[in-house]
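What follows is a single structure, written as structure tokens, with notes after it.
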Amino acid sequence: MTIVYLAAAVCFVLGLHLMNSPATARRGNQLSAAGMVTAIAATAVQVVRSGATTGGWIALGAGLAVGAIAGLYSARAVAMTAMPQLVSLFNAVGGGAAALVALHEVSGHTALSVTVPTALDVLIGAITFAGSLIASGKLQGLVPGRPVVFPGTRVTTAALTVVMLGAGGFVAAGVGGTAAIAVLALAATGFGVAMVLPIGGADMPVVVSLLNACTGTAVAMAGLVIGNNVLIIAGALVGASGAILTKLMADAMNRSLVSIMVGGFGTGDNGPSGPGGPAAGVREISADDAAIQLGYASKVVIVPGYGLAAAQAQHAAQDLVRLLESHRIEVTYAIHPVAGRMPGHMNVLLAEANVPYGQMRELDEANAEFPRADVALVVGANDVTNPAARRPGNAVSGMPILDVDQAAHVIVLKRSMGHGYAGIENELYTNPKTGMFFADAKAGLAALSAAVQPLVG
Amino acid sequence: MTAQLTIFVLSLLVGLEVISKVPATLHTPLMSAANAIHGVVLAGAMLIAVTADNLVGYALAFVAAAFAAMNVVGGYVVTDRMLKMFRKPGDRP
């Protein structure tokens with residue numbers, strides 16, 4: 001049994017390691033899945049050998065069937081743009097399951113080696129369950145994406161913290177029985193809600209990643225409670241690597257974890273926040289003007305933003321790219337770490353439209369290419385291109401940006417002059433070499449393709 | 001107990017080392033992959049389910065098994081869907 005669990009653990013570690021590079025990532029996930037099948041099969045053998053009550057078998061079988069079908073269906077049906085909230089939902093149920101394992105096991109134990117991990121498991125598991133559900137709701141738009149703060153937020157959070165830690169202490173000390181555990185679970189659930197509500201939608205990806213690491217830790221605690229090594233190993237592995245990933249994501253977004261948890265940045269709601277319409281000093285151009293610039297360029301850099309994904313315009317973008325490439329124009333995508341809903345999300349969305357990853361440039365590579373580019377085509381991206389970030393004293397100061405203004409010409413495809421998350425004017429739009437092409441991302445790209453066609457055909 | 005604590009701590013250290021320099025391209029799939037791995041809590045849910053012998057126990061076991069199965073099945077499928085789309089330069093569908 002232990003040997004089989006060891007084999008599964010090796011698969012998890014090697015699988016995660018293979019995810020360091022795009023070329024081997026899929027194999028890594030498959031290896032990890034093979035490890036999972038092994039671990040579950042070994043557990044099934046153990047369960048069959050130990051025998052069980054009829055009711056236990058029915059509960060287990062029904063639960064497995066319902067969960068597996070729900071997971072399979074949602075994973076297959078989800079649109080790639082809605083993927084972050086689905087991962088958050090899966091994380092929520094994982095945390096919930098970890099907490100329930102300890103809830104079931106606890107009755108009658110008084111040894112510290114069981115009660116302490118039980119308290120931690122229920123505490124962390126309930127927080128991640130509630131927190132991930134709220135995060136998922138914010139990303140989906142079911143819960144307002146803006147930071148939700150009501151009078152007495154801090155007091156409520158503080159009270160919940162006190163109750164949660166107090167009940168946790170009782171459980172860890174092995175006193176208070178079922179009542180203490182119930183109070184702990186409820187207070188931790190409330191704390192999870194209160195923790196995520198005040199955090200803005202723009203920071204949600206980092207929160208989801210953090211809660212993911214927490215679930216890993218809760219699973220490891222569940223492993224300590226029931227004395228199961230594969231839970232301990234896999235849970236600790238996810239807990240630690242998830243913490244590293246959270247740090248990498250926060251760095252990529254130029255946000256510190258502390259300022260994220262304090263909350264209040266970013267609405268997460270896409271779309272213009274101010275009145276639309278061209279403002280003074282902006283040069284508006286037509287699809288034909290833009291097409292001439294594109295058709296006679298030798299190097300074009302496309303800067304996609306969430307607006308492109310929200311309009312489902314990835315395929316329209318790739319159609320335009322194919323057209324330009326057929327005319328021997330070099331085209332690359334410049335992808336800012338926060339171009340999608342979370343770091344790497346835009347890469348997934350473009351990959352879905354059959355863009356090879358070799359054509360996607362990360363921030364530093366892209367900035368080296370802009371000075372050589374004849375045209376930079378910005379589609380649905382805003383704050384990540386704002387040159388104001390290079391100066392101190394405004395909402396985007398210090399944020400790493402794509403140096404779009406280094407290109408010879410800039411075309412911005414955008415629905416209106418609306419602001420981005422940061423809520424400030426983008427100085428790129430008033431730059432003399434920038435032409436604004438006002439259109440929906442999908443319709444605009446299709447119009448560009450149609451206008452470029454006769455030039456390159 | 002000491003043995004299990006040792007395993008826990010060593011696994012934490014492995015987790016810190018195993019993903020060192022992941023490109024931002026892979027942050028989303030990696031998070032999803034790690035999310036699928038903690039679905040191993042399904043093993044725990046199975047082990048407690050068979051010891052249940054009253055109505056509350058059955059209910060807990062059912063919910064725990066359903067949650068964990070959703071986590072593990074959905075997690076791996078959605079990660080694979082994402083990674084399947086990452087193609088090498090030059091590959092055409």
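Order of the sequence lines fixes the chain letters, A, B, ..., with proteins taken first and strands second; residue numbering starts at 1 for each chain. Both backbone and side-chain heavy atoms feed into the values below; hydrogens, waters and symmetry mates do not.
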**Prompt:** Mind checking what makes ring-ring contact (aromatic ring centres under 6.0 Å, His included) contact with F90(A), not counting sequence neighbours?
**Reply:** none
**Asked** By a 4.5 Å heavy-atom criterion (distance strictly below it), what part of A77(A) contacts chain B: side chain, backbone, both, or neither?
**Response** backbone
**Prompt:** With a 4.5 angstrom heavy-atom cut-off, which part of T54(A) approaches chain B: side chain, backbone, both or neither?
**Reply:** neither
**Message:** Under a 3.5 Å cutoff, is there a donor and acceptor pairing between the side chains of H27(B) and N347(A)?
**Reply:** no
**Contacting region of A99(A) [heavy-atom separation from chain B under 4.5 Å]** = neither
**Complete:** So, the part of M360(A) with a heavy atom under 4.5 Å from chain B: the answer is neither
**Engaged part of I58(A) at the chain B interface, taking heavy atoms whose separation is under 4.5 Å** = neither
Going by atom type alone, with no hydrogens or angles, which donor-acceptor pairs under 3.5 Å involve a side-chain atom of residues 27-38 of chain A and a protein atom two or more places apart or on another chain?
{"from": "S32(A)", "atom 1": "OG", "to": "Y76(B)", "atom 2": "OH", "distance (Å)": "2.6"}
{"from": "T38(A)", "atom 1": "OG1", "to": "A34(A)", "atom 2": "O", "distance (Å)": "2.7"}

**Request:** Against chain B, label Y73(A) side chain, backbone, both or neither, depending on which of its atoms sit under 4.5 Å from a heavy atom there.
**Result:** neither
**Item:** Donor-acceptor contact below 3.5 Å, side chain T24(A) vs main chain L18(A)
**Value:** yes
**Asked** Contact part of L350(A) toward chain B, heavy-atom cut-off under 4.5 Å: side chain, backbone, both or neither?
**Response** neither
**Message:** Under 4.5 Å from any heavy atom of chain B, what part of E362(A) do you find: side chain, backbone, both or neither?
**Reply:** side chain
**Prompt:** Backbone N or O of T28(B) within a donor-acceptor pair of the S32(B) side chain at under 3.5 Å?
**Reply:** no
